[in-house]
Amino acid sequence: MTKILTPKPWIEAIAPYVPGRSTTDSGVKAAKLSSNENPLGTAPEVREAFVAASKGLDRYPDAGATDLREAIAAHYGLDAARVIHGTGSDEVLHLAAGAFAGQGDEVLFVRYGFSVYPIAARRVGAVPVEAPDVGYATDVDALLAAVTEKTRVVYIANPNNPTGTYLPRSELMRLHGGLPADCLFVVDQAYAEYLSPEDDDGAFELAQSADNVLVTRTFSKIFGLAAERIGWGYGPAQVIQAMHKIRAPFNVTTAGQQAAIASLRAKDFVEASRLHNETWLGWMADEIGKLGNAGLRAVPSKANFLLVLFEGRVTAEEAYTRLMEKGFIVRWLPGQGLRHGLRMSVGTEEQTQGLIRALREIVGAG
C-alpha cells in the first residue's frame, strides 16, 4: 500500500480564517469597511517613530520587546513582567490554546464569536465547543452549562466580534466565578479602547488577582497600526511564562515596537478616534433604525462596527454585492452562520454617510 503525506486530521478540519476584502470584484477603488480599521489613519508622531526606527534593518528586534512591555505596563497600570507581546492579538490567542489545551481537551466560546477561536482550538488538536447565544450576545448561563471536565480554555471577546455586543462587569465576574480553576479564561479586548470609562468590564482586575485569567489587546484598531500586527496579553506570571515558551522569537519588528510605544503617547489622536467612532456609530445605528420597514436591524454595538441584519426582501448577500458595485466593501459572514448579516465598519464621515445612502437606495428607501 502506497503511503502519502497527510496533515493531522484536526488540521484538515480547520476552516481557514477569511479576512475582510480590500478590493471589489471589478477592481474599482472602494471604501474598505470590512476590517474594522481606524478611519482616521495613524497619528503623525507614530509614523515618525516608525520611520526613525527603520534605520536598523540589519539587526534583529529586541526579542523580549522590553521597552514596549514597560510602556504598556506604565500606560495601563500593570506589571511589565506579566505582559506578553505577539504578532497581533491573534498570536496571543493562539498561544493561550497552545499552552493550555491539546488532544482530548475542549475549548469553549460563544456562538458568533471571533473566528480565530475554533482555529486556535483545532490547531492543537482540541475540540472547539460553541455555546448558544442570546440575541447575538454572550449568554453566561449557556457558557457555564457547556463547561465539562475537559474544558481547558474559554474565550470571550468583549466587545464581541462580529456582533459588537458587550458583557457588563457583573456578568463577566459571574462567568469567571463559575469556571473551574484549571480552565484558562481569556478575555479578548481588541475593541476595549472604544468603550467609555464607565464600561470597564474589570478584566484587568481579574487578571491581577486570579490565577486563570488572560486579557488580550491589540494596536491594530484604535491605535491605527494594523499593518504592523502588534498585540499583547496580560495574565498571571505562570500563564505568561508558559506562553513565552512557545512564542515565536523576534515576533514584533523594531519599527513596530517603537511605533506602538509612540501610539500610547498619542492620547489626543486616540481620544479623537474614540469620539469619532462614538458619533458615527450612533448615527449609523439611528439610520439603520429608520430602515426597519425594509427589514434592516442593527445589533447594538460598543465596538467600531455594526452588525446589520437583513430580514426583509433584500438579502444580506444581495446587499453585499450591490454595495460593492457602489464602491463600499463590507463583511458578509456566511461561514460564521451569519448569512443574513453584514458587518459594517465605521468609516470617515464621508464614507459613513455614503454607505447609508447606498443602503437606502438598495432597499428602496432612497
Run the numbers on Ser220 and Arg229 for side-chain hydrogen bond (donor to acceptor under 3.5 Å, both in side chains), then give the verdict.
CA-CA 6 Å; Ser220 295; Arg229 309 300 298 119; 3.0 Å; yes

After noting the C-alpha distance and the side-chain angles of Ile288 and Arg297, does the key distance pass the side-chain contact (heavy atoms from CB on, under 4.5 Å) rule?
CA-CA 6 Å; Ile288 295 298; Arg297 177 165 64 95; 5.8 Å; no

Arg247 and His85: side chain donor to acceptor below 3.5 Å:
yes

Does the Arg343 side chain pair with the main chain of Ser34, one donor and one acceptor, at a distance under 3.5 Å?
yes

Do Tyr191 and Asn36 have side-chain N/O donor and acceptor atoms under 3.5 Å apart?
yes

Distance-only, no hydrogens or angles: does the Ser301 side chain make a donor-acceptor pair with backbone N or O of Phe305 under 3.5 Å?
yes

Qualifying residue for salt bridge (charged side-chain N to carboxylate O under 4.0 Å, His left out) with Glu193, from Lys267, Lys221, Arg217
Arg217

Minimal non-hydrogen separation, Leu225 against Ile230, with atom names
CD1-CD1, 4.5 Å

Salt bridge flag under 4.0 Å for residues Arg313 and Glu318
no

Spatial distance of atom OG1 (Thr348) from atom CG (Leu40) [nearest 0.5 Å]:
8.5 Å

Distance alone, cut at 3.5 Å: any donor-acceptor contact between the side chains of Asn251 and Glu91?
yes

Short N-O contact, Glu361 and Lys326, less than 4.0 angstrom
yes

Quick one: do the Tyr136 and Asn160 side chains pair a donor with an acceptor below 3.5 Å?
no

Smallest heavy-atom separation, Asp199 atom then Lys302 atom, equals OD2-NZ, 3.1 Å

Salt bridge (charged side-chain N to carboxylate O under 4.0 Å, His left out) between Asp141 and Arg174, worked out
CA-CA 9 Å; Asp141 292 320; Arg174 185 166 74 89; 2.8 Å; yes

Using atom types as modelled and distance alone, determine if a side-chain donor or acceptor of Ser209 lies under 3.5 Å from a backbone N or O of Glu205.
yes

When you measure from the side chain of Gln103 to the backbone N and O of Ala126, does any donor-acceptor pair fall under 3.5 Å?
no

Shortest non-hydrogen pair, Phe269 vs Phe223, comes out as CE2-O, 4.2 Å

Determine whether Leu93 and Asp188 satisfy the following criterion, side-chain contact (heavy atoms from CB on, under 4.5 Å), listing intermediate values before the conclusion.
CA-CA 8 Å; Leu93 295 170; Asp188 176 359; 3.7 Å; yes

Could you tell me whether the side chain of Asn304 and the main chain of Asn277 form a donor-acceptor pair under 3.5 Å?
no

With Arg274 as the cation and Tyr194 as the aromatic partner, state whether NZ or CZ is under 6.0 Å from the six-membered ring centre and within 45° of the axis.
no

May I have the step-by-step check of side-chain hydrogen bond (donor to acceptor under 3.5 Å, both in side chains) for Asp201 and Gln189, ending in yes or no?
CA-CA 10 Å; Asp201 63 14; Gln189 293 189 330; 2.9 Å; yes

Write down the atom of Ala142, the atom of Pro132, and the distance for their closest heavy-atom approach.
CB-O, 3.5 Å

Would Glu12 and Thr6 satisfy side-chain hydrogen bond (donor to acceptor under 3.5 Å, both in side chains), going step by step from the backbone distance to the final call?
CA-CA 9 Å; Glu12 286 275 37; Thr6 59; over 6 Å; no

Parallel, tilted or perpendicular for Phe204 and Tyr76, by the 30°/60° rule?
tilted

Give a yes-or-no answer on whether the side chains of Ser345 and Glu37 include a donor-acceptor pair shorter than 3.5 Å.
no

Without hydrogens or angle criteria, can the side chains of Asn38 and His276 be said to hold a donor-acceptor pair below 3.5 Å?
no

Sidechain-backbone polar pair: Gln336 side chain, Gly113 backbone, donor-acceptor under 3.5 Å:
yes

